[in-house]
Asker: 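For reference, the structure I am asking about is given below.
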Amino acid sequence: QYDRSEPPFGDLPLIEMPEVWTAELANGASLFGIENNELPLVTFDLVFDAGSWMDPDGKVGTASLVADMLNEGTATKTAAELEQAIGLLGAGISVSADSDSVTISATTLARNFEDVAALIVEMLTEPRWDEDYFAREKSAALTTIKDREASPPYIAANAFAKLLYGADHPKGRFSIGTEESVSAIELDDLKAYFDEMLATNVRMHIAGAVSQERAEAVFGEIAGLLDEEKVALPKYAIPEQDDEGKVYFIDVPGSKQSVLAIGKLTVATPHPDYNKIVFANEKLGGGISGDLAQVLRIEKGYTYGAYSYVTGGLVPQPFRIGTSVRANATEPSLEVIRDMLVQYGPDFDEAAVELTRQKLVKEDTRAFESLSEKLGTLREISKYGKSLTFVEDEQQELLSMPLEEYKRVIAEYLAEPDMTWIIIGDGETQLEPVKSFAGGEVTLLDIFGDPVEAGTPSEE
């Protein structure tokens with residue numbers, strides 16, 4: 001006999017954010033910092049508000065290739081020589097791109113901060129536009145794209161994004177591009193993109209054992225490299241959301257699991273309801289203790305994990321439920337998720353409110369453990385215009401949110417009839433069960449998320 005009862009919740013460990021300093025630099029660059037001297041380390045980054053958002057028409061993947069090429073050395077250093085120079089400083093530098101940014105990130109010993117920054121200056125002023133390196137990176141991108149065509153989770157993510165945002169929106173496609181778009185990219189496209197990137201808004205962040213004065217001196221030099229005249233980012237319209245309640249199926253023959261992607265668009269991160277949606281979702285799908293994982297994994301044994309979440313961004317963001325279930329459990333898993341969504345609002349009570357407060361406040365106690373987490377906090381401030389004490393503000397928002405507000409948010413943003421359902425699995429065995437779940441109304445998509453003619457996947 002073992003006592004497996006849980007102890008009562010203790011007092012909420014409310015936290016205070018570390019002090020954040022800010023500075024405005026030349027050419028419109030902004031700098032955000034947290035000084036922390038516990039260890040002689042520093043992590044910092046430069047975020048260009050560009051990304052796939054600025055890819056030329058028909059050449060999606062340009063930003064991704066620019067990021068790859070910046071990792072491939074400078075005009076005076078080969079890729080191996082640049083890697084060696086970084087390694088000798090005990091540092092790390094990487095460049096990445098996503099839908100709306102290109103980010104140069106670095107970690108180093110504090111004493112080598114200036115030397116590492118000097119390497120970044122060299123990367124920005126003397127990029128190595130080498131034809132052989134470009135051919136290699138382009139080939140690698142095409143290989144990755146081809147690999148993803150055989151990956152049900154990537155197929156699901158692509159179809160989900162395309163249905164919500166449309167194929168022409170940067171949020172409706174992978175930043176790496178498609179086989180067709182990447183094949184069309186030339187080295188001159190990368191050079192032109194790079195020049196435009198230097199004329200976009202730049203946000204700089206630093207956390208660690210470096211003073212504000214020292215940071216401003218280094219980043220001030222980098223800001224001086226940027227263009228004073230800023231380019232206007234293109235605008236993209238989000239299509240009308242007319243897929244509410246629709247069920248889509250993509251055939252991956254022989255798949256032993258079915259990937260489920262269920263959700264809808266909600267609001268952008270700066271919207272007053274965004275945090276409330278995050279709070280309202282926590283009990284449903286926030287981690288292994290969420291209702292989805294507890295039922296689908298612990299109780300039913302259909303999956304290793306099932307979660308729901310809302311992503312962040314400056315345009316309306318998707319609420320998504322995601323899981324991979326045993327193929328023979330596809331229909332019952334869909335039924336369970338539908339029933340949970342239907343009952344989530346009506347069943348949400350004061351006990352759920354208190355559970356949500358306990359979970360989220362206690363998660364925040366780990367929000368500043370590492371320098372990378374401190375840096376992430378600075379990115380939140382700079383990207384979304386949040387206050388320098390936003391974690392404390394959001395804690396108070398959470399603690400003051402009443403039950404009736406949870407119910408309003410769930411009814412408005414997490415309602416089951418508004419969801420779009422996407423199932424990726426073995427058509428031969430799972431299409432009929434999915435049709436049964438959907439009442440016979442199922443739209444077939446190919447692996448690229450485009451509609452196919454009516455009929456079973458095996459006939460296509």
Side-chain angles (χ1 to χ4, degrees), residues 6 8-17 164 238 241 244-245 262-295 306-322 336-367 377 380-381 383-420:
E6 297 182 3
F9 289 127
D11 293 335
L12 287 173
L14 300 181
I15 62 170
E16 295 183 2
M17 285 184 63
L164 266 58
I238 295 177
Q241 301 297 293
E244 297 93 339
I262 302 150
K264 57 166 288 189
L265 278 189
T266 60
V267 298
T269 298
H271 191 282
D273 278 346
Y274 178 82
N275 289 335
K276 296 177 181 180
I277 299 171
V278 174
F279 303 158
N281 169 69
E282 181 64 25
K283 182 177 180 294
L284 177 65
I288 193 63
S289 63
D291 294 350
L292 288 165
Q294 287 295 303
V295 174
Y307 310 98
S308 59
Y309 51 90
V310 186
T311 53
L314 292 170
V315 298
Q317 294 297 298
F319 162 77
R320 176 177 171 176
I321 297 172
V336 166
I337 293 171
R338 180 165 60 189
D339 291 345
M340 292 177 70
L341 286 170
V342 169
Q343 293 301 317
Y344 189 58
D347 290 348
F348 205 93
D349 55 16
E350 290 290 355
V353 173
E354 180 60 20
L355 177 67
T356 300
R357 290 171 178 168
Q358 291 284 341
K359 287 183 65 178
L360 290 176
V361 170
K362 289 175 181 177
E363 283 179 7
D364 279 346
T365 61
R366 304 192 305 272
T377 300
E380 289 274 306
I381 294 170
K383 183 170 184 176
Y384 302 121
K386 294 185 176 183
S387 76
L388 302 186
T389 58
F390 78 91
V391 174
E392 299 168 39
D393 300 339
E394 291 175 3
Q395 280 184 157
Q396 293 305 315
E397 182 182 12
L398 171 64
L399 295 179
S400 63
M401 184 169 167
L403 175 60
E404 56 268 24
E405 188 67 354
Y406 278 93
K407 287 183 174 292
R408 178 192 72 81
V409 170
I410 293 170
E412 185 170 347
Y413 298 107
L414 309 183
E416 185 276 330
D418 298 337
M419 298 298 164
T420 300

Asker: Holding to side chain to side chain donor-acceptor pair (under 3.5 Å), I want the full list of residues that pass it with D339, two or more places apart in sequence or in another chain.
Answerer: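 Expected list: none.
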Asker: Check the pair F279, E405 against side-chain contact (heavy atoms from CB on, under 4.5 Å), reporting the backbone distance first and the verdict last.
Answerer: CA-CA 11 Å; F279 303 158; E405 188 67 354; over 6 Å; no
Asker: What orientation do H271 and Y413 show, parallel under 30°, tilted 30 to 60°, or perpendicular over 60°?
Answerer: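 Judged by the thresholds at 30° and 60°, the geometry between H271 and Y413 is perpendicular.
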Asker: Find out whether T269 and K383 are in side-chain contact, i.e. whether some heavy atom of one side chain is under 4.5 Å from a heavy atom of the other.
Answerer: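 Not touching, per the 4.5 Å side-chain cut-off.
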Asker: As an exercise, state the distance from OG1 of T377 to CZ of F390, rounded to the nearest 0.5 Å.
Answerer: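 So the OG1 of T377 and the CZ of F390 are separated by 5.0 Å.
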Asker: Taking 4.0 angstrom as the limit, do K407 and E404 come out as a salt bridge?
Answerer: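 Here K407 does not pair with E404 in a salt bridge, since their nearest N and O are not under 4.0 Å apart.
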Asker: If you take all heavy atoms of M419 and I262, which pair is closest and at what distance?
Answerer: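 Answer, listing the atom of M419 first, then I262: CB-CG2, 3.9 Å.
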Asker: Within a strict 4.5 Å, meaning less than it, do heavy atoms of the D273 and R408 side chains meet?
Answerer: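 Yes; the side chains approach each other to less than 4.5 Å.
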Asker: Nearest 0.5 angstrom please: R320 CZ to T311 OG1, how far?
Answerer: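 Taking CZ in R320 and OG1 in T311, the distance rounds to 10.0 Å.
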Asker: For the side chain of K359 and the backbone of S289, is there at least one donor-acceptor N/O pair under 3.5 Å apart?
Answerer: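 It does not hold such a pair.
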Asker: Looking at every non-hydrogen atom in both residues, tell me the closest pair between I381 and M17 and how far apart they are.
Answerer: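 Heavy-atom minimum between the residues: CD1-CE, 4.3 Å.
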Asker: Please step through side-chain contact (heavy atoms from CB on, under 4.5 Å) for the pair R357 and L399, ending with a clear verdict.
Answerer: CA-CA 6 Å; R357 290 171 178 168; L399 295 179; 4.2 Å; yes
Asker: If we ignore hydrogens and angles and just use 3.5 Å, is the side chain of Y344 paired with the main-chain N or O of A280 as donor and acceptor?
Answerer: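 Side chain of Y344 to backbone of A280: a pair is present.
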Asker: Before giving the answer on side-chain contact (heavy atoms from CB on, under 4.5 Å), spell out for M401 and L398 the whole-Å C-alpha distance, their side-chain angles and the decisive distance to 0.1 Å.
Answerer: CA-CA 5 Å; M401 184 169 167; L398 171 64; 5.7 Å; no
Asker: Kindly compute the distance separating CG (D418) from CD (Q241), expressed to the nearest 0.5 Å.
Answerer: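 So the gap between those two atoms works out to 10.5 Å.
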Asker: Please report the interatomic distance OG1(T266) to CG(L414), rounded to the nearest 0.5 Å.
Answerer: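 Separation between the atoms: 8.5 Å.
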Asker: Measure the spacing between OG of S400 and CD of Q395 and express it to the nearest 0.5 Å.
Answerer: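 The OG atom of S400 sits 11.5 Å away from the CD atom of Q395.
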Asker: Just so I know, are the side chains of L360 and E363 near enough to count as touching, which here means a heavy-atom distance under 4.5 Å?
Answerer: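 SC-SC contact between L360 and E363 confirmed.
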Asker: Are the side chains of V361 and L14 in touch, meaning some heavy atoms are under 4.5 Å apart?
Answerer: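 SC-SC contact between V361 and L14 confirmed.
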Asker: Shortest non-hydrogen contact from G312 to Y384?
Answerer: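 Shortest heavy-atom separation between G312 and Y384 comes out as C-OH, 3.3 Å.
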Asker: How about Y406 and T356: do any of their side-chain heavy atoms sit closer than 4.5 Å?
Answerer: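 Yes, at least one pair of side-chain atoms sits under 4.5 Å.
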Asker: So L341 and L284, do their side chains get closer than 4.5 Å, heavy atoms only?
Answerer: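 They are in contact (side-chain heavy atoms under 4.5 Å apart), so the answer is yes.
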Asker: Would you mind reporting whether L265 and P318 have side-chain heavy atoms less than 4.5 Å apart?
Answerer: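 Result yes, sub-4.5 Å side-chain heavy-atom pair found.
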Asker: For G287 and A293, which heavy atoms make the closest approach, and how far apart are they?
Answerer: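 Taking G287 first and A293 second, the nearest heavy atoms are O-CB, 4.0 Å.
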Asker: Could you tell me whether the side chain of Q317 and the main chain of V315 form a donor-acceptor pair under 3.5 Å?
Answerer: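 Answer holds: yes.
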Asker: Any side-chain heavy atom of K264 sitting closer than 4.5 Å to one from E244?
Answerer: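 K264 vs E244: side chains apart.
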Asker: Under the criterion side-chain contact (heavy atoms from CB on, under 4.5 Å), I'd like the reasoning laid out for L292 against I337: C-alpha separation, chi angles, the key distance, then a yes or no.
Answerer: CA-CA 7 Å; L292 288 165; I337 293 171; 4.2 Å; yes
Asker: Whether the E354 and Q358 side chains hold a donor-acceptor pair (N or O, under 3.5 Å, no angle test) is what I'd like checked.
Answerer: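 Yes - a donor-acceptor pair under 3.5 Å links their side chains.
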Asker: So does K283 pair up with D349, basic N to acidic O under 4.0 Å?
Answerer: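 Salt bridge flag = no for D349 with K283.
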